[in-house]
Protein chains: 2
Amino acid sequence: MRRRIADVAIKMFVEEGYEKVSIRNIADKIEYSPATIYLYFKDKDRLLYEVQTEAFHKLTDHFRDKITDKDPFKRLEQLAMAYIGFAWENPELYDLMFIIKAPMNAIPEEERWEGGDGSYLALLDLVNECVEKKVIKYTDPNLAAMSMWAFAHGLISLQLRGRCLKATSYTVEDLPQVIEKAAREFLNNMKA
Amino acid sequence: MRRRIADVAIKMFVEEGYEKVSIRNIADKIEYSPATIYLYFKDKDRLLYEVQTEAFHKLTDHFRDKITDKDPFKRLEQLAMAYIGFAWENPELYDLMFIIKAPMNAIPEEERWEGGDGSYLALLDLVNECVEKKVIKYTDPNLAAMSMWAFAHGLISLQLRGRCLKATSYTVEDLPQVIEKAAREFLNNMKA
DNA sequence: AAATATACTGAACAGTGTTTATTTTCCAAA
DNA sequence: TTTGGAAAATAAACACTGTTCAGTATATTT
């Protein structure tokens, strides 16, 4: 039943957008009462967190498919492009993975961030290798990993929230290429 | 009256956080009926947009205070640090300026983004000067400006949305310095 | 067949943004 | 000073939201 609810929820978030989906909508779709959902999920934040975890599995799969090169720096490039590509293809999922506050409220102070941790560690491991082999300028892997993440996230979230189009002179057709170009430039600048 | 509502709204957003403030709360505070607000603002998005514009004035003032150096690259550093500092001091305002979707819905397709445009142009002008004087690696000012903005925004918004603390091994006390350090490193990497 | 345990729901609570018909307020002309 | 009309403000309702809880229906065990 938990599965059933989570499956429908993730589908509805993707199709209709997070903001337009309510507990009642989900309950209607699975033809149960809204109260039933609360037997399986403490509250909406907790359900969102479950959906987020699912989404991170999707991202992990996406990474597995796209990160294939032997050279660690090339792999770093592939990771960056895969991250951006995922966001572009799944904007609604990206939203609740990285932008919306709600699902994070469901994680108690001390607990691990199930989904996010895994993906971040994939990046950190790779950056570690790059630092060891001196293929990037950075010497602190944590700082390098966070910087890469922040840059990619910044590009994506400014775009997803409509700030890019309004402030820059780029058009909606340009943006995908512009963002990729910016990412390439960023990677170039951190190359040893 | 428009002013009166906007003033109270901005104050309440800062004090209690965007999510906890409703039209009714604002109406209560100014001792008017909720319906009155709709005589002066089309809807909540429009009110949010007004508050956003106010916030951008604050950011512009902040920039004016902090960006003082003669050297264009140093000025670029000052701008970056001022931006990050502003976000740190006014997280709730930063939220509705750059993260929340709602206020952008109030701007019709063709219209300018009153607040955002100005601040972005300040950055773009400065970057233009840096490109001309060849003090940064970038040759395309638009790309450079967007990259800087994206990087700073990425750092800030990941932090504001609780992703940094959960994924990285940094503590809440470290983060301000870590973010500044990351920004400095980024600027260093783009230095010509 | 009776007792227990599990699964589910109807209805309500307290809140949200928003609209409309109605009332109050105010000011200028008679 | 009274009256007419415009302008300003609102009470009440609509259609939602997340959430809770008392109560019902179903299934399992004794």
Side-chain angles (χ1 to χ4, degrees), chain A residues 1-54 92 95-96 99-108 161-162, chain B residues 1-55 92 95-97 99-108 161-162:
Chain A
M1 188 78 222
R2 254 184 89 92
R3 276 248 54 74
R4 179 101 169 279
I5 295 168
D7 284 348
V8 171
I10 198 169
K11 205 176 158 200
M12 290 182 74
F13 285 131
V14 171
E15 281 171 7
E16 306 176 44
Y18 160 74
E19 294 208 308
K20 279 170 190 157
V21 179
S22 70
I23 298 285
R24 279 178 176 80
N25 296 158
I26 298 169
D28 281 358
K29 199 73 112 192
I30 57 172
E31 288 178 303
Y32 275 77
S33 136
T36 303
I37 290 173
Y38 286 87
L39 298 175
Y40 299 93
F41 296 95
K42 192 185 143 287
D43 54 25
K44 205 192 176 187
D45 288 353
R46 196 54 232 198
L47 171 57
L48 238 48
Y49 181 61
E50 200 78 12
V51 171
Q52 196 196 66
T53 306
E54 297 282 309
E92 293 295 346
D95 216 324
L96 70 242
I99 304 182
I100 294 172
K101 209 186 290 163
M104 305 309 280
N105 300 335
I107 321 174
R161 289 306 211 240
Chain B
M1 188 78 222
R2 254 186 88 92
R3 276 248 52 76
R4 178 101 169 277
I5 295 168
D7 284 349
V8 172
I10 197 169
K11 204 175 159 203
M12 292 184 73
F13 285 132
V14 170
E15 281 171 7
E16 307 175 43
Y18 160 74
E19 294 208 311
K20 278 170 190 156
V21 179
S22 70
I23 298 284
R24 278 177 177 82
N25 295 160
I26 297 169
D28 281 357
K29 198 75 113 193
I30 58 172
E31 289 179 303
Y32 276 77
S33 132
T36 302
I37 291 172
Y38 287 87
L39 297 176
Y40 299 92
F41 297 94
K42 195 186 141 285
D43 54 24
K44 204 191 176 186
D45 288 353
R46 195 55 231 201
L47 171 57
L48 239 47
Y49 180 62
E50 201 78 11
V51 172
Q52 196 196 66
T53 306
E54 296 285 307
E92 294 295 345
D95 216 324
L96 71 241
M97 289 162 88
I99 304 183
I100 293 171
K101 210 185 287 164
M104 305 309 279
N105 300 334
I107 320 172
R161 290 307 209 239

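By convention in this document, chain letters (A, B, ...) are assigned in the order of the sequence lines, proteins followed by strands, and residues within each chain are numbered from 1.
One can place CG of N105(A) at 15 Å from P of dG18(D), the figure rounded to the nearest angstrom. Nucleotide dT17(D) holds its P atom 17 Å from the CG atom of D45(A), rounded to whole Å. Distance, L48(B) CG to dG17(C) C1': 13 Å, rounded to whole Å. For E31(A) and dC8(C), the CD to C1' distance is 15 Å, given to the nearest whole Å. Summarising the geometry, the separation between CZ on R2(A) and C1' on dC8(C) is reported as 18 Å, rounded to the nearest angstrom. Here dT25(C) presents its C1' atom at 11 Å from OH of Y32(B), a figure rounded to the nearest Å. A straight line from CE of M1(A) to C1' of dC8(C) spans 10 Å, rounded to a whole angstrom.
For the pair L47(B)/I23(B), a side-chain contact is recorded, criterion being any heavy-atom separation below 4.5 Å from C-beta on. Within the 4.5 Å cutoff, the side chain of R4(B) has no heavy atoms near those of the Y40(B) side chain. Taking 4.5 Å as the limit, some side-chain heavy atom of M104(A) sits within range of a side-chain heavy atom of I107(A).
End-to-end axis angle of the helix from dA1(C)-dT30(D) to dA30(C)-dT1(D), using five pairs per end and rounding to 10°, comes to 30°.
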>> Between T53(B) and E50(B), is the side chain to side chain contact (heavy atoms under 4.5 Å, CB included) condition met? List the steps.
In response: CA-CA 5 Å; T53(B) 306; E50(B) 201 78 11; 5.6 Å; no
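With dT19(D), dA11(D), dG10(C) as the candidates, the nucleotide lying closest to the side chain of D43(A) is dT19(D). Listed candidates were dC21(D), dC8(C), dT18(C). Nearest to the side chain of P34(B) is dT18(C). The nucleotide whose nearest atom lies closest to any side-chain atom of Y38(B) is, among dG17(C), dT20(D), dT10(D), dG17(C). Side-chain proximity of K44(B) to dT9(C), dT10(D), dT18(C): nearest is dT18(C). Taking only side-chain atoms of Y40(A), from C-beta outward, the nucleotide of dT10(D), dT18(C), dA7(C) with the closest atom is dA7(C).
Distances shown here put every side-chain N or O of S33(B) at or beyond 4.0 Å from the OP1 or OP2 atom of dA9(D). In this model, the phosphate group of dC8(C) is not approached by any side-chain N or O of T36(A) to a distance below 4.0 Å at OP1 or OP2.
Within residues 14-30 of chain B, the residues that have a heavy atom under 4.0 Å from DNA chain D are, in order of number, R24(B).
What you find for Y18(B) and E92(B) is that their closest heavy atoms are N-OE1, 3.2 Å. Scanning both residues, S33(B) and A27(B), for their nearest heavy atoms gives C-CB, 3.8 Å.
A salt bridge links D95(A) with R161(A): the distance from a Lys NZ or Arg NE/NH1/NH2 to an Asp or Glu carboxylate oxygen falls below 4.0 Å.
Here the options are I30(B), V21(B), N25(B), the test is side-chain contact (heavy atoms from CB on, under 4.5 Å), and the partner is V8(B); only I30(B) passes.
Residue pairs meeting the side-chain hydrogen bond (donor to acceptor under 3.5 Å, both in side chains) criterion with at least one partner in residues 5-17 of chain B, sequence neighbours excluded, are R3(B)-D7(B).
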